[in-house]
Amino acid sequence: MKFGYFDDVQREYVIERPDTPYPWINYLGNEQFFSLISNTSGGYCFYRDARLMRLTRYRYNSVPTDAGGRYFYLRDGDDVWNPGWAPVKAKPDRYRCRHGLGYTVIESERNQLAARQLSFVPIGADCEVHRVTLKNQSGAAKEIKLFSFVEFCAWNAYDDMTNFQRNFNTGEVEIDGSAIYHKTEYRERRNHYAVFSVNAPIQGYDTDRESFLGLYNGFDRPDVVFNGKPGNSVASGWSPVGSHCLGVTLAPGEEKSYIFVLGYCENPEDQKWEAPGVINKEPARRLLDRFRTDRQVESAFDELKNYWQGLLSRFCLQSEDPKLDRMVSVWNQYQCMVTFNMSRSASYFESGIGRGMGFRDSTQDLLGFVHLIPSRAKARILDIAATQMEDGSAYHQYQPLTKRGNMEVGSGFNDDPLWLIFGVTAYLKETGDWSVLKESVPFDNDEKKSVSLLEHLRRSFGHVLHNLGPHGLPLIGRADWNDCLNLNCFSKKPGESFQTAENMESGVAESVFIAGMFVYIAPSYAEILRRGGFASEAEAVLKAAKNMEQAVIRYGWDGEWYLRAYDAMGNKVGSRECEEGKLFIEPQGFCAMAGIGMEKGLPERALDSVKEHLDTKYGIVLNWPSYTTYRLNLGEISSYPPGYKENGGIFCHNNPWISIAETMAGHGERAFEVYRRTCPAYLEDISEIHRTEPYVYAQMIAGRDAPRFGEAKNSWLTGTAAWTFYDVSQFILGIRPQFDGLQIDPCVPSWFKGFTVTRRFRGAEYVIEVRNPDGVEKGIKTMTLDGTPIMGNLLPDCADGKTHRVVAVMG
Ligand code: GLC
Ligand code: GLC
């Protein structure tokens, strides 16, 4: 069942009813100011850091779900409703929510009053703009009252929801005309405040939650709105809110719009006050002046649209399949931008409090983002590398505001260092900017310990080599990519975090996954060294990879698939000898991608085993059989009921590894099938089962061992976004950046007749037409660049700012 449709021309997902199977959200903002907004206008916003600088409050795990947002209440006679349906939930006669790229439009109508709410975060402004347009569709004049509402957060979102004995006393506001200022803690160490304003005179306001709602009421029944009269309340402690009351008179057919701005402002330390106790409103006035008129809002909105138009013109697909086109050309790239911005911090499944920017997560996000804005990818690489330790190991996360690593989700995940090499390789292949390797980057944010980025890569690679176990395979440490395979943890304490519990480093537990990753990365890393003038070091890297490959063939092959690991007792994990957890997806993906044991046909054998044992109609499960009991020697993985998350769930993130490996084996049809199964646009018709947004990937879909097989959770912030884009763009469509240019190497189902990709790459544009007259799955027979045949399938760097036509014929 569908709850909306894709508008491919506008690049919007149009939701046709407000009661979607789960809140279907969108993200606003790309730079410093970010908002989450659901199809009923729920959500919240923050400046740079969802934990430390949160402007508005949001209630997690609330009933009803999705409580807290920017709400507009319309009082039309005695009838009260919201354009976004929630929170009053009076049924609109018409409702549409259009989630677009960086904006959301909610259009609805009730009793012949039409309302349209356009919400976006303008480029270069630290605010969200909501323009509310009201139109009288009836034959009689209407007297309407429009109430706005937001609830402020006392900045630190964690304290805000825990430290009430303090918070209930600190709340402060100022009101100046139509502008409401939230200034909690400004009197002491903060030099920032929030402003919520409207570009019209108001009849009154409210800033105290209890006065606005009534102590025992929910957002669905605010006293002030139902009484039709603002309370002009001034918050003093308790919970500051912002609400304007506007009187709107509309003649038949008349339309009026109001521009609400909710923004973040900062003053220099010595200019905090206008007068004693009165905040300096200069930055707020400057901000509000930019969005006073419809013309200003429209031009800011156009700017946003052009911004996305420009970004998405860097990779654009036209094929016979509209689902594929819209995912590849629009939604997958859009999600890659969001994961790049948010890492795993703020979504409807991530509170914005617990997890900041992941070392592993953010480096992987680069794979799907680097072609969009390479300069930001570079800055991110340098930020991440600066949190690395001298021995090559890493904090698992850092806080976006401070950019410092912290131990909140631990460290000692022994795959982390390698992802840095992976991310830097992707950047180099996209840009050809070799100078990045010479950048000076500290360890652990200590400027005194600065070395070149290349040296950071050395430490990464070295970290694996210095931590090998009894079989010559990499020690797993706390865990590898699978945060939940905790082989050295032995946690018995209820509720203890597997990420930070004391790790009994055994010196025995080894990861075949890290081995596969090491071998996969080595050739590119060796090439980086060779080009940097370190030829013998490059040789040594390749030799180390050969040794690792041998170790996997000897000790990491289980007969029909690659083993997953050795536990702290040296017992096999992911072997047919095991009673549960016989087969795991991760090493099959990475070892096959690395071509380990190619001469003996091991990758193909492993892929067949995946197909035979792990594949389901909704995607490939992570492991089989799922663990049915808690295993002390395995940790968190066995804490999940069978079929969920890392225990037999369809963890979408590593499905593309299998798809990529299938392309390497030349299996276009199988590769595409793996891609298609988890791809949201293809799941739109079963939204009642899938439940999360049909325009973005979720981290996990419940596996076949779960009662709710096929149900997705944790949408938006997942490495799936980057990995699927990497898979579909570089391996299925085969438009693959290499150190020396763009390689064209598609691997598609034989029934693909062809496709065209427009790709901006290193200062030139290539319109690449791939034809498949013989219905093959892989192989380029001939290729021309601007009509001239070229040898092989690598396009040279034209770098001339021009558009070039490429025709590649498969066969
Ligand atoms: C989550 C984490 C990611 C990890 C994965 C598997 O998605 O963000 O870092 O690799 O789970 O445990
Ligand atoms: C939990 C989740 C996993 C995530 C990890 C890190 O273990 O299952 O997906 O990566 O937490 O916080």
Side-chain angles (χ1 to χ4, degrees), residues 51 335 338-340 342-347 349-367 384 394-398 406-420 422-423 476-487 489 491 495-501 503 511 513-514 517 564-565 584-587 589-590 620-623 626-627 630 634-657 678 697-703 706 712-724:
R51 171 168 181 167
Q335 187 177 1
V338 173
T339 57
F340 175 84
M342 300 287 127
S343 196
R344 305 298 171 266
S345 67
S347 75
F349 298 85
E350 301 275 11
S351 65
I353 290 171
R355 297 222 271 162
M357 314 291 283
F359 190 97
R360 173 204 298 135
D361 295 326
S362 289
T363 32
Q364 282 173 86
D365 292 344
L366 294 169
L367 295 179
I384 295 172
Y395 294 104
H396 208 37
Q397 78 160 18
Y398 69 99
N406 63 49
M407 289 303 244
E408 283 181 34
V409 275
S411 82
F413 296 79
N414 282 351
D415 64 317
D416 270 341
L418 286 180
W419 292 110
L420 183 64
F422 206 46
I476 198 168
R478 164 80 49 186
D480 58 25
W481 171 88
N482 190 333
D483 280 341
C484 300
L485 192 61
N486 314 117
L487 303 181
C489 202
S491 175
E496 180 173 64
S497 154
F498 291 92
Q499 273 76 45
T500 55
N503 212 30
S511 162
F513 165 80
I514 301 180
M517 200 179 159
R564 178 63 178 86
F584 280 72
I585 190 173
E586 308 99 312
F590 256 92
I620 301 169
V621 298
L622 192 146
N623 57 306
S626 310
Y627 295 103
Y630 180 59
L634 301 179
E636 183 166 4
I637 184 168
S638 59
S639 74
Y640 287 111
Y644 291 114
K645 291 280 284 182
E646 282 90 340
N647 186 21
I650 297 156
F651 217 86
C652 301
H653 187 147
N654 39 35
N655 275 240
W657 302 348
T678 56
Y697 286 92
Q699 179 205 56
M700 186 225 45
I701 300 171
K713 289 194 190 107
N714 203 355
S715 56
W716 283 97
L717 304 186
T718 162
T720 315
W723 272 104
T724 46

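Atoms within a ligand are numbered from 1 in the order they appear, just like the ligands themselves. This structure is a prediction, so every number in the text was calculated from the model and none was measured.
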Side-chain donor-acceptor distances from residues 411-418 under 3.5 Å, at least two apart:
residue, atom, partner, partner atom, Å
Asn414, ND2, Leu475, O, 2.8
Asp415, OD1, Arg360, NH2, 3.1
Asp415, OD2, Arg360, NE, 2.7
Asp415, OD2, Arg360, NH2, 3.4
Asp415, OD2, Trp419, NE1, 2.7
Asp415, OD2, Trp481, N, 3.2
Asp416, OD2, His396, ND1, 2.8

If you look only at distance, which donor and acceptor atoms sit under 3.5 Å apart when one is on a side chain in residues 350-358 and the other is two or more places apart or in another chain?
residue, atom, partner, partner atom, Å
Glu350, OE2, Arg355, NH2, 3.0
Ser351, OG, Ile353, N, 3.1

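Under the salt bridge (charged side-chain N to carboxylate O under 4.0 Å, His left out) criterion, Lys645 pairs with no residue at all, not counting sequence neighbours.
The immediate protein surroundings of ligand 2, defined as residues with any heavy atom under 4.0 Å of it, consist of Arg355, Val409, Asp483, Cys484, Gln499, Glu636, Tyr640, Lys645, Glu646, Gln699.
Formation of a donor-acceptor pair under 3.5 Å by the Arg478 side chain with backbone atoms of Phe498 is found in this model.
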Query - Verdict with supporting geometry, Thr678 and Asn655, side-chain hydrogen bond (donor to acceptor under 3.5 Å, both in side chains) - result: CA-CA 8 Å; Thr678 56; Asn655 275 240; 5.0 Å; no

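Checked against the 6.0 Å centroid criterion, the rings of Trp657 and Phe584 do not qualify as a close aromatic pair.
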